[in-house]
Amino acid sequence: MSDLQAFPQDWQRALVIVAHPDDPEYGMAAAVAQWVEDGKEVHYLLASHGEAGIATMTPELSGPLRAVEQLNACGQVGVENLTILDHPDGRIEEGVALRRDFARHMRLVKPDVVLTLNHCDHWGPGRWNSADHRAVGRSVLDAVSDADNDWIFPELLDEGLGRHKVRWVGISSPQPTHFVKVNPENIEKAVASLAEHKEYLRALSPEPVETQARRQIEMVTAGGVVAFELYS
């Protein structure tokens with residue numbers, strides 16, 4: 001942590017943009033809980049319902065169930081605003097349509113900070129990143145510029161959505177630059193938030209759901225911090 005800088009605090013509203021239900025919980029939920037406790041407003045935008053994420057359940061059943069699990073997870077960290085788009089899980093395409101959807105939501109919410117997934121090919125040696133995560137992360141970075149340009153998506157002006165400038169983009173990254181200090185109570189909220197994805201986690205491992213959730217959260221909050229790569 002000595003090489004990292006403190007995450008900026010002079011902002012009020014954040015928008016978390018990820019690919020699937022559970023994505024916020026695996027990396028940034030403790031930071032979200034801390035920010036909500038500190039009086040900041042956090043919105044979630046998911047590109048898909050995660051309908052292809054449970055091997056033992058058809059997409060028709062899995063998508064609605066995972067949306068409910070995500071809503072419950074939001075409640076554990078105090079997030080009151082959740083929007084889920086209909087891009088196909090596992091086949092989310094980086095490009096104009098995704099950028100437009102993200103830029104539209106940025107103009108609606110008007111966040112100071114946008115938070116998203118690792119957009120790089122890997123998480124480290126031998127840990128390949130998923131296609132959906134790469135597509136979403138890269139499209140978020142492009143959409144931040146799109147949201148502040150009247151002429152890339154002029155149809156958004158026809159919807160009454162004027163340009164908006166995001167101040168910072170924070171990425172759950174293997175190469176972090178900044179940290180958010182989180183207290184033990186908000187680490188526990190993050191564990192509870194990830195544990196709300198009960199059916200998803202049960203399909204991943206025979207280990208108890210809370211055991212899986214606690215191990216993940218303890219890993220990403222080591223030292224009492226959550227780390228981000230920050231773009232401005």
Side-chain angles (χ1 to χ4, degrees), residues 16-37 42 44-59 61-79 82 84 89-90 92 115-120 122-134 136-137 170-174 176 179-228:
V16 174
I17 305 178
V18 294
H20 319 105
D22 80 64
D23 283 342
E25 287 68 55
Y26 266 91
M28 60 186 84
V32 169
Q34 188 67 56
W35 285 325
V36 171
E37 181 180 284
V42 182
Y44 280 5
L45 175 65
L46 278 57
S48 81
H49 285 74
E51 66 276 5
I54 299 179
T56 57
M57 189 176 295
T58 65
L61 295 175
S62 178
L65 179 141
R66 297 199 69 196
V68 171
E69 290 187 338
Q70 183 60 62
L71 186 63
N72 293 339
C74 287
Q76 294 287 354
V77 294
V79 171
L82 169 65
I84 304 179
D89 182 20
I92 299 173
L115 300 145
T116 192
L117 303 164
N118 176 18
H119 60 286
C120 299
H122 55 77
W123 284 97
R127 297 181 63 204
W128 188 250
N129 197 7
S130 82
D132 282 355
H133 292 173
R134 301 195 312 270
V136 167
I171 299 173
S172 290
S173 167
F179 71 90
V180 178
K181 189 165 181 58
V182 293
N183 64 37
E185 292 78 13
N186 287 316
I187 291 174
E188 288 302 311
K189 289 178 185 178
V191 173
S193 185
L194 180 53
E196 288 290 354
H197 296 278
K198 295 179 176 65
E199 295 304 321
Y200 176 73
L201 292 173
R202 284 172 182 150
L204 290 182
S205 169
E207 279 190 307
V209 165
E210 183 165 328
T211 300
Q212 294 184 59
R214 187 166 298 280
R215 182 173 59 247
Q216 174 65 23
I217 299 304
E218 287 179 352
M219 180 178 67
V220 298
T221 60
V225 302
V226 177
F228 295 91

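Computed from heavy atoms alone, side chains included, the values below leave out hydrogens, waters and symmetry copies.
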Report task. Could you tell me whether the side chain of V32 reaches within less than 4.5 Å of the side chain of Y44, counting heavy atoms only? Result -> yes

Query raised in the report: In Å and rounded to the nearest 0.5 Å, what is the CZ to OG1 distance from F228 to T116?
Result: 10.5 Å

Report summary line: Taken in chain and number order and not counting sequence neighbours, the residues that satisfy side-chain contact (heavy atoms from CB on, under 4.5 Å) with Q76 are A192, S193, E196

Query raised in the report: Are side-chain heavy atoms of I17 and L115 found at a separation under 4.5 Å?
Result: no

Query raised in the report: Where is the tightest heavy-atom contact between L46 and P21, given as atom of each residue plus distance?
Result: CD2-N, 3.3 Å

Query raised in the report: Relative to the ring of Y26, is the ring of Y200 parallel (under 30°), tilted (30 to 60°) or perpendicular (over 60°)?
Result: perpendicular

Requested in this report: Would you check if N183 and E37 make a side-chain contact, meaning some heavy-atom pair closer than 4.5 Å?
Outcome: yes

Query raised in the report: Are any of the side-chain heavy atoms of V18 and P24 separated by less than 4.5 Å?
Result: yes

Query raised in the report: So do R215 and E207 actually touch side chain to side chain, heavy atoms under 4.5 Å?
Result: yes

Query raised in the report: Is any side-chain heavy atom of H49 less than 4.5 Å from a side-chain heavy atom of R66?
Result: no

Query raised in the report: Can you tell me how far OG of S130 sits from CG of N118, rounded to the nearest 0.5 angstrom?
Result: 9.5 Å

Requested in this report: Determine, stepwise, if the pair E25 / Q70 fulfils side chain to side chain donor-acceptor pair (under 3.5 Å).
Outcome: CA-CA 9 Å; E25 287 68 55; Q70 183 60 62; 3.3 Å; yes

Requested in this report: Show the numbers, then the answer: is there a side chain to side chain contact (heavy atoms under 4.5 Å, CB included) between I217 and L194?
Outcome: CA-CA 8 Å; I217 299 304; L194 180 53; 4.3 Å; yes

Report summary line: Of all heavy-atom pairs linking S172 and M28, the shortest is OG-CE, 3.4 Å

Requested in this report: Evaluate the criterion side chain to side chain contact (heavy atoms under 4.5 Å, CB included) for residue pair H20 and H133; output intermediate values, then yes/no.
Outcome: CA-CA 9 Å; H20 319 105; H133 292 173; 3.6 Å; yes

**Report entry** Residues E199, R202: salt bridge by 4.0 Å N-O rule
**Finding:** yes

**Report entry** Among V79, V16, V42, the one residue meeting side-chain contact (heavy atoms from CB on, under 4.5 Å) with C74
**Finding:** V79

Query raised in the report: Tell me, do I92 and S48 make a side-chain contact under 4.5 Å, heavy atoms counted?
Result: yes

Query raised in the report: Could you give the distance from NZ (K181) to OG1 (T221), rounded to the nearest 0.5 Å?
Result: 11.0 Å

Requested in this report: Check the pair L117, I171 against side chain to side chain contact (heavy atoms under 4.5 Å, CB included), reporting the backbone distance first and the verdict last.
Outcome: CA-CA 6 Å; L117 303 164; I171 299 173; over 6 Å; no

Report summary line: The side-chain contact (heavy atoms from CB on, under 4.5 Å) partners of E188 (sequence neighbours excluded) come to R214

Query raised in the report: Does the side chain of R134 reach to within under 4.5 Å of the side chain of W128, using non-hydrogen atoms?
Result: yes

**Report entry** Minimal non-hydrogen separation, A203 against I54, with atom names
**Finding:** CB-CG2, 3.8 Å

Query raised in the report: Under the side chain to side chain contact (heavy atoms under 4.5 Å, CB included) criterion, do V220 and V226 qualify, and how do the steps go?
Result: CA-CA 6 Å; V220 298; V226 177; 5.7 Å; no

Query raised in the report: Does any N or O in the side chain of D132 come within less than 3.5 Å of the main-chain N or O of G90, such that one atom is a donor and the other an acceptor?
Result: yes

Report task. Indicate the atoms forming the closest heavy-atom contact of V182 with A30, along with that distance. Result -> CG1-O, 3.5 Å

Report summary line: Closest non-hydrogen atoms of G50 and D89, given as atom of the first, atom of the second and distance, are C-OD2, 3.0 Å

**Report entry** Minimum heavy-atom distance between G224 and I187, given as atom pair plus value
**Finding:** CA-CD1, 4.5 Å

